[in-house]
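Accompanying notes for the structure given below.
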Amino acid sequence: MNRILLRNFLYLLVIVLCSSGCKSRSQNTTALKGLKDYYNDYFPIGVAVSTRTLKGDEAELLLREFSSITSENAMKMEAIHPREDYYFWRDADSIVKFAENHNLKIRGHNLCWHEQVPNWIFTDESGQLVSKEVLLKRLKDHITTVVKRYKGKIYAWDVVNEVIGDTDEEFIRNSLWYKICGEEYIAKAFEYAHAADPEALLFYNDYNTERPVKRDKIYRLLKKLLEEKVPIHGIGLQAHWSIFEPSERDLRDAIELYSSLGLQIHFTELDMSIYPWEKNKREKQPGDIDRLTPELELKQIDQYAKIFKIFREYKKNITSVTFWNVSDRYTWLDGYPVRGRKNYPLLFDQKLQRKKAYQEVVNFKK
Ligand code: GLA
């Protein structure tokens, strides 16, 4: 009898423990709801990573909040193909493996750019610039090798990065790619990528894409590529923004204009500097603010709320939003372009806690 009582008692105890365990698990799940869950019905939310991000507390945050990753640097030509006869795969491979293990989407970044490009690609053994034929052959070999390695794993590639000139008069940037090949290398890059993985979505990626003059030049380039039947599926708007721009009007106009070409829109490198946009490196000046004052924070909260509201409105056109870095603990904007100046452009603070702007981004009615 006692044995039966004891057995029933233990049985009950197991049920009670089990159900309270389940309860706390489900409470945890609610607490663990991240950006990717709030935006589940909208678009994947991604983040740029390095191999360091894949460990420790940053990895935990990453898996809680994001559903897609982009390699911040490891797939750029300089990093992955430092010499003609040598590819350095280790870091890019581990980023891809991490994404596969955790079921994350992967955007590839990037295949052809005028920065972070190794010198060997433009020059011969005596240091002279190579011919157009040689450069295109090298570009083809590079793109074919990298895209094939990650075929079926990387679903979208930033094929060509930042070819539009910064000054109003310059259409295509006068880079070494342009000097040697003329405009043709742009279309070729897309063709090589498409041949290597016909399933991958191919993007043209650039910054200041909402500023009207640059926007119209980008539109002109994209339209031309589409008319020439170049395999291009989308435009990457980097979205290295600030609390001062873009305006709601400029953002909407840009989304509408690019979408009118039938292209998908990815916001590929989102962050929101607390300082006005600058590109040329300089020293800190006396009087330069370099902390997140309450006023700047309020502006940032407001700007994040505005742009995400617009993203949600255009969910038919926008198929991905990726942040450039995880938190204010580390951002490429620390010290750029003003040496020694810290920036605070993301939704998580230096302790990886959600900032107030985060709440504004996720607080909406579906
Ligand atoms: C550009 C590039 C990125 C990155 C940022 C700065 O936007 O596309 O790869 O280098 O600059 O981090």
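Throughout, numbering of the chain's residues begins at 1 and tracks the sequence. Every number for a ligand or one of its atoms is a count from 1 in the order of the listing.
Between the side chains of Y314 and E256, a donor-acceptor pair is found at a separation under 3.5 Å. Y39 and D37 share no side-chain donor-acceptor pair at under 3.5 Å. Side-chain N/O atoms of W332 and D271 include a donor and acceptor closer than 3.5 Å.
Proximity of H240 to ligand 1, defined as any heavy-atom pair under 4.0 Å, is confined to the side chain (atoms from C-beta onward). Contacts between W113 and ligand 1, counted as non-hydrogen atom pairs separated by less than 4.0 Å, involve the side chain only. Contacts of N161 with ligand 1, taken as heavy-atom pairs under 4.0 Å, involve the side chain alone.
Checking each of F43, F311, F323, Y258 against F267 for a ring pair (Phe, Tyr, Trp, His ring centres under 6.0 Å) leaves exactly one that passes, namely F311.
Ranking protein heavy atoms by distance to atom 9 (O) of ligand 1, first place goes to H109 NE2, 2.5 Å. In terms of protein heavy-atom proximity, atom 1 (C) of ligand 1 is closest to E162 OE2, 3.2 Å. The nearest protein atom to atom 4 (C) of ligand 1, hydrogens excluded, is given as K76 NZ, 3.5 Å; this is a heavy-atom distance.
For W332, no nitrogen or oxygen atom sits less than 3.5 Å from a nitrogen or oxygen atom of ligand 1, counting backbone and side chain alike. At under 3.5 Å, a nitrogen or oxygen of E269, whether backbone or side chain, sits near a nitrogen or oxygen of ligand 1. Of the polar atoms of Q238, at least one N or O is found under 3.5 Å from an N or O of ligand 1, judged by distance alone.
Counting atoms of ligand 1 from 1 in the listed order, those under 4.0 Å from a heavy atom of Q116 are 10 (O).
For the atom pair NZ (K188) and SG (C181), the distance works out to 10.5 Å, reported to the nearest 0.5 Å.
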Trace of the salt bridge (charged side-chain N to carboxylate O under 4.0 Å, His left out) decision for R211 with E245
CA-CA 9 Å; R211 291 190 178 175; E245 65 170 330; 2.6 Å; yes

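For the ligand labelled ligand 1, residue W324 lies inside the 4.0 Å heavy-atom shell.
Seen from the ring of Y275, R341 counts as a face-on cation partner, given the 6.0 Å and 45° thresholds.
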Output side-chain donor-acceptor pairs under 3.5 Å for residues 145-152, partner residues at least two apart or in another chain, one line each.
from, atom 1, to, atom 2, distance (Å)
T145, OG1, Y87, OH, 3.3
T145, OG1, D141, O, 2.6
R149, NE, D93, OD1, 3.1
R149, NH2, D93, OD2, 2.7
Y150, OH, D93, N, 3.4
Y150, OH, D93, OD1, 2.6

